[in-house]
Undergrad: 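A single structure is presented below for examination.
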Amino acid sequence: MQTILVTGGAGFIGSNFIRHILAIRPEWRVVNLDALTYAGNAANLADLEADRQKRYRFVHGDINDSERVGRLLAEEQPVGVVHFAAESHVDRSIHGPLAFVQTNVTGTARLLMACQQMWEEAGRPAAFRFLHVSTDEVYGSLGPTGHFTEETAYDPSSPYSASKAASDHLVRAWHRTYGFPAIVTNCSNNYGPYQFPEKLIPLMILNIIEEKELPVYGDGRNVRDWLYVIDHCEALATVLEKGCPGETYNIGGGAERANIDVVQQLCALLDECLGRSGASRSERLIRFVTDRPGHDRRYAIDAGKIGRELGWRPRFQFETALAETVAWYLAHRQWIDFVRSGEYLRWIDTHYGATGGTAKR
Ligand code: NAD
Ligand code: DAU
């Protein structure tokens, strides 16, 4: 049994990744270190804690808590770290940028220091990997043509993307300066189960169900390159096992869509499920609202390198996986009520204790 440490594993992509990796690698154990911010929901993975083989351990903690992280690393001696923990929402970063610097920049630096120390003390094991999960937003905005490659210059627009860019630089500096075996991935927009309903796709699904207005920023023609979360998880597992230290890999779905087209598609999918037609069609709820400041116009990933060098390609088609995502949200109304009500914050206190620590058994 070999252990990997996942940070931020109670969030959207992290929780999908943990389920995925435990399913495809029966010989792996996962330790999930998560501070359980508003975006983290330990209940997403609570069923795994009952696993009799104890292949999953949840630890409530902050990546900025170097002492806690150092103790955990010494105790667990992971063969790899997959670093998801971050403040991840662009709109929140516009209103409160410092939390993004604190977690994404300072937190990543502290985590790197702790991991490097463990790696040095273990005699620099050749197989160890630190995988930093980053975003295509570090590259800034594209015009109507072209794609981001791994050589595209960084040009972040929001406090979120600037903080992720800074963290990418730190990770690369750790490789160049200390020979630390770190890898960076930069991925496009994900969608799928367990995404917190403040991001475009889950927000629109929920608003359509509840017949609330659908706020589309600006003219709705901003383009995102959508990737189903399971495709991202498969790419990360591939990079963890086959990626080369010091390298960067772009990950994308090859599914560019304008926001307004995605929203209209969601309206059509849900109208079919909910039996809405004629004057009650959900498109009536669309409202064009004031644009996001510094709103990047278009993202598009060239994922050629990871395909050529590591053999990864996305498997899911956008239209099919979007319909599955809609079906997941319709079937998980309790999850939605739970994350929206603040009930899950109370659950953290009763289940994990207000002061944090490993889950009560
Ligand atoms: P998320 O906001 O859903 O989850 C983030 C998780 O990190 C939460 O569980 C939160 O509790 C935890 N966390 C936050 N601060 C922490 C801290 N100081 N210490 C420990 N844990 C902390 O985010 P996500 O959408 O799952 O994104 C995960 C990672 O992937 C992020 O680094 C993000 O930048 C990157 N990414 C996201 C996307 C996307 O479309 N969502 C695309 C590309 C890259
Ligand atoms: O590109 C990868 C990034 O994708 C990740 O690094 C981020 O963590 C993730 O949040 C996501 O960032 P975006 O800003 O692209 O995602 P969001 O879902 O917030 O917005 C997607 C697009 O939809 C964007 O152009 C803004 C627009 N939008 C969003 C919301 C929430 C709207 O038009 N209305 C909305 O209400």
Side-chain angles (χ1 to χ4, degrees), residues 6-17 32-42 44-45 59-65 68-69 82-94 99-100 102-104 106-108 110-111 132-139 141 148 156-158 160-161 163-164 167-168 185-192 194-204 207 213-227 229 232 236 251-252 257-260 262-263 286-292 294-301 339 348 356:
V6 168
T7 71
F12 162 48
I13 306 175
S15 59
N16 278 286
F17 178 78
N32 174 15
L33 174 72
D34 198 297
L36 298 179
T37 67
Y38 76 96
N41 182 0
N44 286 352
L45 297 169
V59 177
H60 186 190
D62 192 318
I63 54 168
N64 272 299
D65 184 349
R68 180 89 184 86
V69 174
V82 186
H83 177 34
F84 293 95
E87 289 290 338
S88 72
H89 189 202
V90 173
D91 293 326
R92 281 183 190 256
S93 82
I94 294 167
F100 287 71
Q102 181 67 13
T103 287
N104 301 0
T106 310
T108 299
R110 287 187 197 276
L111 181 68
H132 177 61
V133 182
S134 192
T135 170
D136 60 354
E137 300 205 7
V138 297
Y139 298 123
S141 185
F148 298 131
S157 304
S158 70
Y160 162 68
S161 51
S163 68
K164 290 297 287 188
S167 67
D168 293 9
T185 56
N186 295 94
C187 186
S188 61
N189 286 63
N190 284 215
Y191 64 101
Y194 299 106
Q195 187 167 31
F196 196 78
E198 65 184 356
K199 307 283 172 76
L200 181 76
I201 288 180
L203 177 82
M204 294 298 164
N207 283 11
E213 293 188 349
L214 309 176
V216 176
Y217 299 161
D219 63 1
R221 303 303 315 168
N222 299 65
V223 170
R224 296 293 180 264
D225 176 355
W226 293 98
L227 181 72
V229 66
H232 189 189
L236 294 172
I251 303 169
R257 299 286 184 282
N259 293 335
I260 185 64
V262 173
V263 174
I286 293 176
R287 301 285 179 277
F288 290 93
V289 300
T290 309
D291 209 355
R292 169 187 282 175
H295 195 178
D296 289 331
R297 190 65 174 168
R298 174 173 166 260
Y299 301 145
I301 282 275
V339 299
I348 291 164

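Here the structure is a predicted model, which means the values were calculated and not measured. Indexing begins at 1, ligand by ligand and atom by atom, following the structure's order.
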Undergrad: Tell me whether K164 contacts the main-chain N or O of P156 through its side chain, where contact means a donor paired with an acceptor under 3.5 Å.
TA: no

Undergrad: Backbone or side chain, does any N or O of T37 fall under 3.5 Å from an N or O of ligand 1?
TA: yes

Undergrad: Check the side chains of H60 and D34 for a donor-acceptor pair under 3.5 angstrom, ignoring hydrogens and angles.
TA: no

Undergrad: Identify which of N41, V133, T103 has a heavy atom lying nearest to atom 15 (N) of ligand 1.
TA: T103

Undergrad: Out of R224, H89, E137, who gets a non-hydrogen atom closest to atom 3 (C) of ligand 2?
TA: E137

Undergrad: Of all the heavy atoms in S15, does at least one lie under 4.0 Å from an atom in ligand 1?
TA: no

Undergrad: With atom 33 (O) of ligand 2 as the reference point, say which of W226, F12, Y217, Y139 has the nearest heavy atom.
TA: Y217

Undergrad: Out of G14, G107, A39, A86, who is nearest to atom 14 (C) of ligand 1 when you count heavy atoms only?
TA: A86

Undergrad: Report yes if S134 has an N/O atom closer than 3.5 Å to an N/O atom of ligand 1; otherwise report no.
TA: no

Undergrad: If I take atom CD1 from residue I251 and atom CG from residue L227, how far apart are they, to the nearest 0.5 angstrom?
TA: 7.5 Å

Undergrad: Can you figure out which of N189, D296, V133, L200 has its heavy atom closest to atom 16 (O) of ligand 2?
TA: N189

Undergrad: Does any N or O of ligand 1 fall below 3.5 Å from an N or O anywhere on I63, backbone included?
TA: yes

Undergrad: So, is G9 polar-close to ligand 1, with some N/O to N/O distance under 3.5 Å?
TA: no

Undergrad: Nearest heavy atom to atom 17 (C) of ligand 1: which of N32, V138, D62 does it belong to?
TA: D62

